[in-house]
Colleague: 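Handing you this structure, nothing more for now.
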Amino acid sequence: MSDIGFDSRVFLAPMAGITDQPMRALVASFGKGIIVSEMVAVNALQWKNPKTYRIADVRDEPYPVIVQLVGGEPKLFGEAVKLIEQLGAASIDINMGCPVKKIVNNRSGSYLMKDVSLAAQIIESAVKNTKLKVSVKFRSGWDCQHINAVEFAKMCENQGASYLTVHGRTRSEFYTGQSNWDIIRQVKENVHIPVIGNGDISTPYQAAERIKQTGVDGIMIARGVLGSPWLISQTHNYLEHNIQPVKPSIAEIKKTLLQHIKNLIAYYGEDMALQISRKYVCWYCKGLRDAKRFRENYMHITDYQMAYDEINNYFDECSAQEEEK
Ligand SMILES: Cc1cc2nc3c(=O)[nH]c(=O)nc-3n(C[C@H](O)[C@H](O)[C@H](O)COP(=O)(O)O)c2cc1C
């Protein structure tokens, strides 16, 4: 196992529209884990887009944040990394795995797995212009006929990447099927820099199993965190201290959801925060009784007091019924 240079080997994955400051603060409040931002577009940084600047600015956050950049022009990366460094990033990640059409058509994200020479120039430009670590996140390949993660990883290493994160799906698979951890193992066996494995981890036990199976130096979790922000620290505690994960009570889930909404309000203001909170509510009540009715009721909330009352009523009812069992 190689040292990644962070105080954990469990990463909160970058998720556009999800791993914003409110989510990062929430995940960090549970304990250790490595926090990654949403992706930040290098061309929007160049245009000095205020919204993008705000996303990229992590100076106020009391834990290290890895900021992820996405784009397709080497020169812009050189400028972006300097700015990101000033805006408080602990380290920089380059997105070479995003499958979304708009990104790919812009010669960015997973498109770069098809244009290895452009990918190499981007990494070189980023590495040359910052003293921070530069890592790269990519997929197994473009499609099942073009699985090139091992060669791609070697190129990243040659260009000076500090570590790599591999999501074991091709671009064509988007999020379907299963992450191919055998490809991740092959990458690990073929480079000297640390490799982080990613894809389909939703419990600390799965994380431990994948590390054992593939020898990866760390684990990154994305969708498993939705509605379960404690998963990162639970996984860290299990891997490092053999602390068994405990399922949170319904009261604890309620408290976490309310805290998440408070974080959203502090960052976005009430109107926008409540709008955004609708998707989170769906995740937090997953698997609980009568969740459909609650989700429908929550869609009609108009202010924080209404949201607070709906959440309290629903979760308290669930708790009471749980106790009766
Ligand atoms: C809503 C959503 C947004 C995502 N945004 C990003 C992103 O901005 N950058 C990135 O590299 N990957 C992004 N991903 C991919 C995840 O980081 C991760 O690679 C993928 O979901 C597989 O991990 P999982 O099985 O743990 O979800 C996103 C995934 C989801 C579900």
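Whatever order the structure lists ligands and atoms in, that order sets their numbers, starting from 1.
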Colleague: Let me check something: do Val10 and Trp181 share a hydrophobic cluster, defined by ILVMFWY side-chain heavy atoms less than 4.5 Å apart, either directly or through other members?
Modeller: yes
Colleague: How far is atom 13 (C) of ligand 1 from the closest protein heavy atom, and which atom is that?
Modeller: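 Result: Pro14 O, 3.1 Å.
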Colleague: Look only at interatomic distance and state if Gly224 has a nitrogen or oxygen under 3.5 Å from any nitrogen or oxygen of ligand 1.
Modeller: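 Checking ligand 1 against Gly224, no N or O pair falls under 3.5 Å apart.
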Colleague: Is the charged tip of Arg293 near the ring of Tyr314: under 6.0 Å from the six-membered ring centre and within 45° of its axis?
Modeller: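 No, Arg293 does not sit over the ring of Tyr314.
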Colleague: Within the 4.5 Å heavy-atom criterion, are Tyr163 and Asp217 side-chain neighbours or not?
Modeller: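 A side-chain contact under 4.5 Å is absent here.
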Colleague: Checking side-chain contact (heavy atoms from CB on, under 4.5 Å) between Met39 and each of Ile55, Ile94, Val70, which is the one that passes?
Modeller: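 Looking at Ile55, Ile94, Val70, the match for Met39 under the side-chain contact (heavy atoms from CB on, under 4.5 Å) is Val70.
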Colleague: Cation-pi check, Lys133 to Phe6: give yes when NZ or CZ is under 6.0 Å from the six-membered ring centre and within 45° of the ring axis, no otherwise.
Modeller: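 So Lys133 does make the cation-pi contact.
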Colleague: Return the orientation label for the Trp283 and Tyr280 ring planes: parallel under 30°, perpendicular over 60°, tilted otherwise.
Modeller: perpendicular
Colleague: Evaluate the side-chain proximity of Pro99 to Val104: yes if any heavy-atom separation is below 4.5 Å, no if none is.
Modeller: no
Colleague: Return yes when Gly199 approaches ligand 1 closer than 4.0 angstrom through a heavy atom, no otherwise.
Modeller: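 Gly199: in contact with ligand 1 (<4.0 Å).
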Colleague: Out of all atoms in ligand 1, which are within 4.0 Å of some heavy atom of Asp200? Include the element for each.
Modeller: 24 (P), 25 (O), 26 (O)
Colleague: Find all atoms of ligand 1 within a distance of less than 4.0 Å from any non-hydrogen atom belonging to Ala13, and give their numbers and elements.
Modeller: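 Near Ala13, the atoms of ligand 1 are 17 (O).
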Colleague: Which is closest to atom 12 (N) of ligand 1 in terms of heavy atoms, Glu38, Lys137, Arg223?
Modeller: Lys137
Colleague: Can you find a pair of side-chain heavy atoms, one from Tyr238 and one from Thr203, that are under 4.5 Å apart?
Modeller: no
Colleague: Among all the protein's non-hydrogen atoms, which is closest to atom 30 (C) of ligand 1, and how far away is it?
Modeller: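 Result: Met15 CG, 3.8 Å.
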Colleague: Among all protein heavy atoms in this structure, tell me which lies nearest to atom 28 (C) of ligand 1, with the distance rounded to 0.1 Å.
Modeller: Tyr175 OH, 3.4 Å
Colleague: Which of these, Gln68, Met220, Gln206, Met39, has its nearest heavy atom closest to atom 9 (N) of ligand 1?
Modeller: Gln68
Colleague: Hey, does the Lys NZ or Arg CZ of Arg59 hover above the aromatic six-ring of Tyr53, less than 6.0 Å from the centre and inside 45° of the axis?
Modeller: no
Colleague: Give me the residue, atom name and distance of the protein heavy atom closest to atom 23 (O) of ligand 1.
Modeller: Asn198 ND2, 3.0 Å
Colleague: Can you tell me the protein heavy atom closest to atom 26 (O) of ligand 1 and the distance?
Modeller: Ala222 N, 2.9 Å
Colleague: Checking the N or O distance criterion of under 3.5 Å, is ligand 1 in contact with Ile201?
Modeller: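 No; the residue has no nitrogen or oxygen that sits under 3.5 Å from a nitrogen or oxygen of the ligand.
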Colleague: Distance under 4.0 Å to a non-hydrogen atom of Ala16: what atoms of ligand 1 satisfy this?
Modeller: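 Every atom of ligand 1 under 4.0 Å from some heavy atom of Ala16: 3 (C), 4 (C), 5 (N), 6 (C), 7 (C), 8 (O).
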